[in-house]
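Residue numbers begin at 1 in each chain, while the letters A, B, ... track the order of the sequences.
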Amino acid sequence: MADYIPQAVEAKWQKRWEDERVFETEADPAKPKYYVLEMLPYPSGTLHMGHMRNYTIGDVVARVKRMRGFNVIHPMGWDAFGLPAENAAIKNNTHPREWTNKNITEFKRVLHLFGFSYDWRREISTCEPEYYRWNQWFFLRMLERGLAYRKKSRVNWCVKCATVLANEQVVNGCCWRHEETPVEAKEIEQWFLKTTAYADQLIDDLKQLEGSWPDRVIAMQRNWIGKSQGAKVKFAVAETPAAGPIEVFTTRIDTIYGATALILAPNHPAMQALLEGSPERAKAEPALAAMRQMSVKAEDLATAEKIGFYTGRHARNPFNGAEIPIWVANFVLMEYGTGAIMAVPAHDERDFEFATKYGLGKPVVVQGPAGEPASDAPPKEPFTEYGKSVNSGPYSGLETAAAMEKMAAEAEAKGFGKRETVYRLKDWGISRQRYWGAPIPIIYCPECGMVPVPEADLPVVLPQDVKLTGLGTSPLAHVPQFINTTCPLCHRPAKRETDTMDTFVDSAWYFYRYCDPHNDKAPFDSSKVGYWMPIDQYIGGITHAILHLLYSRFWCKVMRDLGLIQHNEPAARLFTQGMVQKGGVAMSKSRGNVVGAEDMAQKYGADTGRLYTLFAAPPEKDLEWSEESIEGAWRFLSRVFRLVDRHAGRIAGVCAGAGEMAALSEKERVLLRKAHETLRRVTSDFETRWHFNSAIALIMELVNELHAHEPLEQAVRPEILKEALELVTLMLAPMVPHLAEELWEMLGHKNGLSRVSWPDYNAELARADEVEVMVQVNGRLRGRLRVAAGLGEEELVRLALDEAAVRAQIDGKRLVKKIVVADKLVNLVVA
RNA sequence: GCGGGAGUGGCGGAACUGGCAGACGCACCAGCCUUAGGAGCUGGCGGCCGCAAGGCCAUAGGGGUUCAAAUCCCUUCUCCCGCACCA
């Protein structure tokens, strides 16, 4: 009798897999491909069970697809650039490269302990020049196409990070890494990638992803891009024409006859010109100063009372010439649209609130089907629906859609407005004033100006020697041998760009590089990428729903337009797994609640850890770590091991097989039926539903059933038992691969199971020949019948009526209806 | 406010196309085995009534459709996530 010693079993098979290179794959157009990818990790801290859950899900999918005959690519790599490395280096007085590489080695060692089926030859590390030179290459391609540009702009600055943040990296007005640190506004020159050029495609192509990506991710992306269609209209300034015209953006141009004010954002550029010489100037300037002092934190902003002041100037409505006062208010944002709005209090909630407070008029210009709201009195609440225009000059009587159309057309014809679509999405600022990132390949020459680094000179390599202080200027600016160079055009002394790229650039395209990781002529070979991409199944955390996925989608579209690839979207299917929590919160080093993956492997074995994370909750839900439940997973695997071990000697030498159905004993038939029925359902759980937890439950039932028939020697022939045990082993194989290999060997197979196919269930065997039919009276369960499968309706009803408990319910009543579902149920309706 | 999702035993969770609610596991209880048990094995385990057979109630609450509802429809509530004065 052998003992199940997972650590020994796991080490044995990990070595075997490596020696036999079973997970290495090459593009082969003759075979159907499958690309399974888990989001690449940032190598910091320790690898915990949260990571492991993510990789386990991916590994199960990869192994199932392999067993299903797909040519599976399943790579892993490192998101190796980034601030923590730099900060750790400052703190510990080491080099970011050293710190990063140490972590990578550590991560990799632990990943190996779990037996994930990666093709490690494809490993990439984004901090290596062999990788980031292609970031630089892409940057130059975008520069050529006007998709990369430099401008001075107000940016989000995190004091703690001492660098700029992209809009996407600002959460509730604070840094995404430092949730307590409000971002500051800073005006600096920086590089942008023109994500807005693809705004429409990024929205429209979401339709292709519906059903394949989680609804909420699609919703979040749509929300983030924030497309809204409307019109821009210019209002002349009555008193000082030179201060105008002022342009507003509106989605409801049809309500323009109801505008009773023009409202500007406090930092609107026309402000000075408007206030110059205004009779209200003495009151307005202090009010403006006070408004600018107000908190910019998002939660304050959202709940703040609407306040405003009158500028003393008037704007002229281009449609009817009406002069309306120009106000300034805190709720109008310079960042959105044009930074100015027309206030239509009767048809907009915010304008209504503002107008009520400051006594502006609320003329009704749109009415609903019942003529509401009445147009001869101020409305009690804003009417924001579509309806029919009233009090709108020549447009009165038109339906909202038609009015919008006609009015926009007139504005365009007369040159005071145009149809326009605005987006919430901004261009992606990628400059970072830090060291540990890809250098931006630009040279500034006093003579020639800004000059891109010639392609032949790539990569621009990060210098090794650098003094890191974290004090807010680019460390590269203090490295003379880096910054000083010669101009590629005039060959006179020139200086390099010292900012580095946002690390989201690295991860925006890494999965293409996996397809051709060592190419030194191009980012990748298009035919290889053409075979492997797009990703068939991408798996990662919901935290990347906007940032990483939006950038990746953008990058994909750019590469397509560069002619490098054919597809529109990088990932055909996306799965967002739940977090692993302990004490109700996500595992994290800072909370000190991590369960280390290595500890787990040492205590119970990797297979137990894998099984537990799959069994404890469906993969999309959060999972609360429970030490007791792990014991359960361990017990189950031990039980399976003992079961196989107990019978291995007797069955290892025979051939598995059911033989003739007719020759089966009752017990054999019951076992085989259970085994094949389990296989049928487990197959469907793996293929279509990803219900790993219920698949495991089904296998547990089968094992329990086998157990219940002990001693099996007496009633079941070895070839029958072997078939059942082989099925158990194969069904477990994707989830607990090491143990499955060991069992497979115990069952007499010499060549390992990594190239064994997923078994097909035998429908004949799986079919039950006796079924339990429930008998209901008026929909309530009153009895059960054990009958042969496929019995006719009349026969079933007759048997049902024979049941004593059923008789008791219907005696003396009239049978009005009989419902029969074959092999399942008889429902007798009595009155 | 808008958008996305969820609500089932003490706990994690099953329940496929509307057809036995609570599979499987954890915890707990009883028993067996044992020098011992944090091992293994057997049985029990939603609530109420009952010695039992059995009955009644039960999938957040209320209403509806249906022979039949955790599942479909309406409605109310609660919770989680995202966005949030987006003009």
Side-chain angles (χ1 to χ4, degrees), chain A residues 171-172 214-224 226-228 230 248-253 255 263 265 298-299 301-306 329-333 335-344 347-351 353-354 422-424 542-543 545-546 576 611-612 615-618 620-633 635-636 638-639 642 680-681 684-685 688-689 691 693-704 707-708 710 772-784 805 808 816-821 823-830:
Chain A
V171 181
N172 290 329
D215 290 344
R216 61 175 172 158
V217 174
I218 291 174
M220 283 163 78
Q221 295 239 337
R222 194 167 273 140
N223 225 326
W224 184 262
K227 179 176 182 167
S228 71
V248 303
F249 175 74
T250 176
T251 53
R252 290 296 301 272
I253 192 172
T255 63
I263 310 181
E299 58 259 45
L301 223 60
T303 52
E305 193 190 352
K306 290 178 180 35
N330 61 340
F331 72 94
V332 178
L333 308 173
E335 294 75 41
Y336 189 79
T338 60
I341 63 163
M342 59 179 201
V344 185
H347 305 288
D348 181 282
E349 301 200 4
R350 294 151 299 171
D351 298 346
E353 188 186 333
F354 191 76
V422 302
Y423 302 89
R424 196 174 159 277
I542 185 70
T543 38
I546 297 173
T576 50
L611 188 79
Y612 167 70
F615 181 60
E620 70 278 5
K621 288 187 71 171
D622 288 346
L623 182 160
E624 175 66 28
W625 190 257
S626 147
E627 202 73 18
E628 289 96 343
S629 300
I630 295 162
E631 297 276 356
R635 276 201 288 271
F636 171 67
S638 305
R639 217 160 122 92
R642 284 195 306 271
R680 183 183 70 80
R681 296 174 64 184
S684 125
D685 276 350
T688 54
R689 311 196 309 160
H691 285 198
N693 54 338
S694 62
I696 293 165
L698 288 165
I699 300 169
M700 285 174 167
E701 276 190 60
L702 174 56
V703 170
N704 289 347
H707 227 276
E710 292 280 16
E772 195 170 50
V773 173
M774 54 185 158
V775 182
Q776 296 177 334
V777 177
N778 286 347
R780 307 202 57 129
L781 188 70
R782 297 298 174 187
R784 293 148 205 263
V816 287
K817 204 167 181 183
K818 295 171 278 192
I819 286 124
V820 180
V821 181
D823 289 347
K824 269 195 178 153
L825 146 147
V826 176
N827 188 9
L828 304 169
V829 184
V830 294

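- By the 6.0 Å contact criterion, NZ on A:Lys227 is enclosed, its count of non-hydrogen atoms from other residues, nucleotides or ligands being greater than 12.
- Here the side chain of A:Thr251 is nearest to one of B:C20, B:A87, B:G12, namely B:A87.
- B:G64 has its base anti relative to the sugar, with a glycosidic angle deviating from 0 by more than 90°.
- Note on A:Gly632: only backbone sugar-phosphate atoms sit closer than 4.0 angstrom, heavy atoms only; bases stay farther off.
- Taking only side-chain atoms of A:Lys306, from C-beta outward, the nucleotide of B:C24, B:C85, B:C26 with the closest atom is B:C85.
- Pairing partner, B:A15: none, since no Watson-Crick or wobble contact has both distances short of 3.5 Å.
- B:A21 is unpaired under the criterion used here, namely a Watson-Crick or G-U wobble arrangement in which both key atom distances are under 3.5 Å.
- With B:G13, B:C56, B:G25 as the candidates, the nucleotide lying closest to the side chain of A:Pro618 is B:G13.
- Listed candidates were B:A87, B:C24, B:C85. Nearest to the side chain of A:Phe331 is B:C85.
- At the phosphate of B:G82, neither OP1 nor OP2 sits under 4.0 Å from any side-chain N or O atom of A:Arg222.
- With distances taken from any side-chain atom of A:Arg424 to the nucleotides B:A15, B:C57, B:A84, the minimum falls on B:A84.
- Comparing B:C20, B:C56, B:G13 by their closest approach to the side chain of A:Arg782 singles out B:C56.
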If you restrict it to nitrogen or oxygen atoms, what contacts under 3.5 Å exist between nucleotides 64-68 of chain B and the protein, and what is each distance?
| residue | atom | partner | partner atom | Å |
| --- | --- | --- | --- | --- |
| B:C67 | OP1 | A:Lys817 | NZ | 3.1 |
| B:C67 | O2' | A:Asn827 | ND2 | 3.2 |
| B:C67 | O2 | A:Asn827 | ND2 | 2.5 |

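- Base pairing of B:G7: its partner is B:C77, meeting the Watson-Crick or G-U wobble criterion (both donor-acceptor distances under 3.5 Å).
- Checking B:C24, B:C85, B:A15 against the side-chain heavy atoms of A:Phe615 singles out B:C24 as nearest.
- Among residues two or more places apart in sequence or in another chain, the side chain to side chain contact (heavy atoms under 4.5 Å, CB included) test is passed with A:Val775 by A:Leu785, A:Ala800, A:Val806.
- No contact: A:Asp351 has no heavy atom under 4.0 Å from any strand.
- No side-chain donor from either of A:Arg424 and A:Asn223 sits under 3.5 Å from a side-chain acceptor of the other.
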What nitrogen or oxygen pairs link the protein and nucleotides 1-10 of chain B at under 3.5 Å?
| residue | atom | partner | partner atom | Å |
| --- | --- | --- | --- | --- |
| B:G5 | OP1 | A:Asp215 | OD2 | 2.8 |

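- Here B:C83 sits opposite B:G1 as a Watson-Crick or G-U wobble pair (both hydrogen-bonding atom distances under 3.5 Å).
- In this structure, A:Lys306 is positioned above the aromatic face of A:Phe331, its NZ or CZ under 6.0 Å from the six-membered ring centre and within 45° of the axis.
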What N/O pairs connect the protein and nucleotides 41-44 of chain B at under 3.5 Å? Give each pair on its own line.
| residue | atom | partner | partner atom | Å |
| --- | --- | --- | --- | --- |
| B:C41 | OP1 | A:Arg639 | NH1 | 2.9 |

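- Of all nucleotides listed (B:C85, B:A23, B:C26), B:C85 comes nearest to the side chain of A:Asn330.
- Proximity of A:Arg350 to the phosphate of B:A84: no side-chain N or O atom is located under 4.0 Å from OP1 or OP2.
- Checking the phosphate oxygens (OP1, OP2) of B:A15, a side-chain nitrogen or oxygen of A:Arg689 falls inside 4.0 Å.
- OP1 and OP2 of B:C16 both lie 4.0 Å or more from every side-chain N or O belonging to A:Ser684.
- Here A:Val332 lies in heavy-atom contact (under 4.0 Å) with a base.
- If you check B:G38 for Watson-Crick or wobble pairing at under 3.5 angstrom, you find it has no partner at all.
- Of the candidates B:G13, B:A87, B:A84, B:A87 carries the atom nearest the A:Tyr336 side chain, counting heavy atoms from C-beta on.
- Nucleic acid contact for A:Glu335: none, since no nucleic acid atom lies under 4.0 Å from a heavy atom of the residue.
- Looking at residues two or more places apart in sequence or on another chain, you find no salt bridge (Lys or Arg N to Asp or Glu O under 4.0 Å) involving A:Arg681.
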Pairs: protein N or O with nucleotides 47-49 of chain B N or O, under 3.5 Å:
none

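- Look at A:His691 and you'll find a side-chain N or O under 4.0 angstrom from OP1 or OP2 of B:A15.
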